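Written below as structure tokens is the structure these notes are about.
The shown structure was predicted, so the numbers you read here are calculated from the model rather than taken from an experiment. Below, all heavy atoms of this structure are taken into account, side chains as well, without hydrogens, waters or symmetry copies.
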Amino acid sequence: MELSEFISYGIKSIQRGVVDRKSPYRLPVLSTSVEGNVSQRIVVARGFDEKNLQLIVFTDNASKKYQQLQINSKCALLFWDPRKKLQIQVNGKANFIKEKDMYWNNLSDRQKKEYVINPIPGSKIESAQSYNYDSEETRFAVLSIQFDHIDMLQLSSDGHKRAGCILRQGKREDFWMCP
């Protein structure tokens with residue numbers, strides 16, 4: 001596979017994760033960092049803009065991830081397909097989308113409940129069931145992660161393959177790397 005095909009295959013795999021619930025690319029790990037403390041969590045890929053290379057993720061505006069990305073918008077995503085032994089790392093910058101009605105209106109009632117949970121995410125509670133869904137305000141937020149750099153590693157008994165891609169001002173610079 002040629003270099004540009006390999007990178008494009010990785011991008012298409014990420015895009016597929018948005019529409020295919022069984023895709024291993026649907027649930028990437030999102031890493032954030034504030035004051036030297038790194039946090040990681042699984043997120044759900046909700047949308048993908050192939051032209052601008054942006055991944056859409058939903059969050060609660062009272063969550064730790066939201067607060068961290070307000071302080072430091074730099075973040076990373078990690079995708080892993082165990083069957084294909086393909087790892088894709090993405091570095092990027094998070095932006096919050098203000099026009100979120102379109103996303104909110106596409107959620108089911110069950111999904112909408114997750115953004116009115118009380119107390120706020122991460123709060124200590126007395127038991128596993130000591131929470132409810134009766135917040136007076138919806139804390140739904142939409143996060144767009146703009147890709148800056150992609151690092152792909154394909155593991156194979158025939159020899160590993162690794163490539164990178166830097167994205168600047170709508171242009172893509174692809175290159176091979178030593179695995």
Side-chain angles (χ1 to χ4, degrees), residues 10-84 86-150:
I11 292 168
K12 290 285 187 195
S13 297
I14 292 170
Q15 184 178 24
R16 175 135 181 102
V18 171
V19 295
D20 181 358
R21 291 184 178 270
K22 294 182 180 180
S23 169
Y25 299 99
R26 180 151 179 90
L27 301 170
V29 174
L30 172 66
S31 300
T32 57
S33 174
V34 175
E35 297 177 3
N37 296 311
V38 178
S39 295
Q40 299 175 305
R41 78 282 286 151
I42 302 287
V43 294
V44 179
R46 300 290 187 171
F48 188 73
D49 178 344
E50 183 179 14
K51 181 182 176 220
N52 296 310
L53 294 177
Q54 297 174 339
L55 185 74
I56 301 295
V57 174
F58 300 159
T59 189
D60 184 315
N61 68 17
S63 70
K64 184 176 176 183
K65 103 174 75 73
Y66 183 92
Q67 304 305 322
Q68 290 172 332
L69 290 168
Q70 288 287 335
I71 296 167
N72 180 6
S73 63
K74 291 182 182 180
C75 59
L77 294 160
L78 177 65
F79 301 85
W80 170 245
D81 184 339
R83 202 176 87 248
K84 294 180 180 168
L86 179 62
Q87 170 185 280
I88 305 172
Q89 296 179 73
V90 174
N91 288 344
K93 182 179 178 187
N95 299 294
F96 293 95
I97 296 176
K98 292 183 190 217
E99 298 298 321
K100 55 191 176 184
D101 289 346
M102 172 186 73
Y103 299 102
W104 178 256
N105 293 334
N106 286 328
L107 294 178
S108 69
D109 288 340
R110 182 193 58 77
Q111 290 171 313
K112 289 178 180 178
K113 280 178 56 175
E114 299 302 322
Y115 302 99
V116 293
I117 196 167
N118 261 330
I120 63 171
S123 298
K124 287 184 182 181
I125 54 178
E126 288 189 30
S127 72
Q129 289 78 36
S130 294
Y131 62 92
N132 58 56
Y133 298 99
D134 64 2
S135 173
E136 291 184 18
E137 72 176 80
T138 300
R139 296 184 309 263
F140 178 69
V142 180
L143 176 62
S144 172
I145 300 169
Q146 175 66 58
F147 294 11
D148 294 332
H149 181 264
I150 299 171

Rounding to 0.5 Å, atoms CG (Asn61) and CD (Gln70) come to a distance of 9.0 Å
Decide side-chain contact (heavy atoms from CB on, under 4.5 Å) for Leu143 and Val43; before the verdict, give the C-alpha distance in whole Å, the side-chain angles of both, and the deciding distance to 0.1 Å. CA-CA 11 Å; Leu143 176 62; Val43 294; over 6 Å; no
So the ring-ring contact (aromatic ring centres under 6.0 Å, His included) pairs with at least one residue in residues 120-139 (sequence neighbours excluded) are Tyr131-Tyr133
Sorted by chain and number, sequence neighbours left out, salt bridge (charged side-chain N to carboxylate O under 4.0 Å, His left out) with Glu50 holds for Lys12
| message | If you define the side chain from C-beta out and look only at heavy atoms, does anything of Phe79 sit under 4.5 Å from Val29? | response | no
Practice item. List the steps and the verdict of side-chain contact (heavy atoms from CB on, under 4.5 Å) for Val44 and Leu27. Key: CA-CA 5 Å; Val44 179; Leu27 301 170; 3.7 Å; yes
Correct closest heavy-atom pair for Leu107 and Gln111 would be CA-OE1, 3.4 Å
In short, ring-ring contact (aromatic ring centres under 6.0 Å, His included) pairs touching residues 23-45 with sequence neighbours left out are none
Margin query: Is there a side-chain contact between Val90 and Ile14 in this structure, where contact means two heavy atoms from C-beta onward sitting under 4.5 Å apart?
Written below: yes
Query - Worked verdict on Leu86 versus Trp80 for side-chain contact (heavy atoms from CB on, under 4.5 Å) - result: CA-CA 6 Å; Leu86 179 62; Trp80 170 245; 5.7 Å; no
Side-chain atoms of residues 117-125: list all donor-acceptor pairs with protein atoms under 3.5 Å, sequence neighbours left out, distances to 0.1 Å.
from   : atom 1 : to     : atom 2 : distance (Å)
Asn118 : ND2    : Asp134 : OD1    : 3.1
Ser123 : OG     : Ile120 : O      : 2.8

Residues 64-78 vs salt bridge (charged side-chain N to carboxylate O under 4.0 Å, His left out), sequence neighbours excluded, gives none
Residue set satisfying side chain to side chain donor-acceptor pair (under 3.5 Å) with Asp20, at least two apart, ordered chain then number -> Arg16
Looking only at heavy atoms, the pair that brings Thr32 and Arg41 closest together is OG1-NH1, 3.1 Å
- [ ] Flag the pair Ile145 / Leu30 as yes when at least one side-chain heavy-atom distance between them is below 4.5 Å, and no otherwise.
- [x] yes
The salt bridge (charged side-chain N to carboxylate O under 4.0 Å, His left out) partners of Arg139 (sequence neighbours excluded) come to Asp60
Residues at least two apart in sequence or cross-chain that pass ring-ring contact (aromatic ring centres under 6.0 Å, His included) with Phe140, listed by chain then number, are Phe58, Trp104, Tyr115
Side chain to side chain donor-acceptor pair (under 3.5 Å) filter on Gln40, not counting sequence neighbours, yields Ser31
Problem set entry | Ile97 and Ile56: CA distance, side-chain angles, deciding distance, side-chain contact (heavy atoms from CB on, under 4.5 Å) verdict | CA-CA 9 Å; Ile97 296 176; Ile56 301 295; 3.5 Å; yes
Between Pro28 and Arg26, the two heavy atoms sitting closest are CD-O, 3.2 Å
Applying side chain to side chain donor-acceptor pair (under 3.5 Å) to Lys93 and not counting sequence neighbours gives none
One should read off an interatomic distance between Asp49 CG and Ser144 OG, to the nearest 0.5 angstrom, of 7.5 Å
Heavy-atom closest pair (Ser23 atom, Gly17 atom, distance to 0.1 Å) is OG-CA, 3.6 Å
- Query: Do the non-hydrogen side-chain atoms of Leu77 and Ile88 ever get within less than 4.5 Å of each other?
  - Reply: no
The reported gap from NZ in Lys100 to CG in Asn105 (rounded to nearest 0.5 angstrom) is 12.0 Å
Q) Is a donor on one side and an acceptor on the other found under 3.5 Å between the side chain of Gln68 and the backbone of Ser73? A) no
So the salt bridge (charged side-chain N to carboxylate O under 4.0 Å, His left out) pairs with at least one residue in residues 101-121 (sequence neighbours excluded) are none
Sorted by chain and residue number, the side chain to side chain donor-acceptor pair (under 3.5 Å) partners of Asn72 (sequence neighbours excluded) come out as none
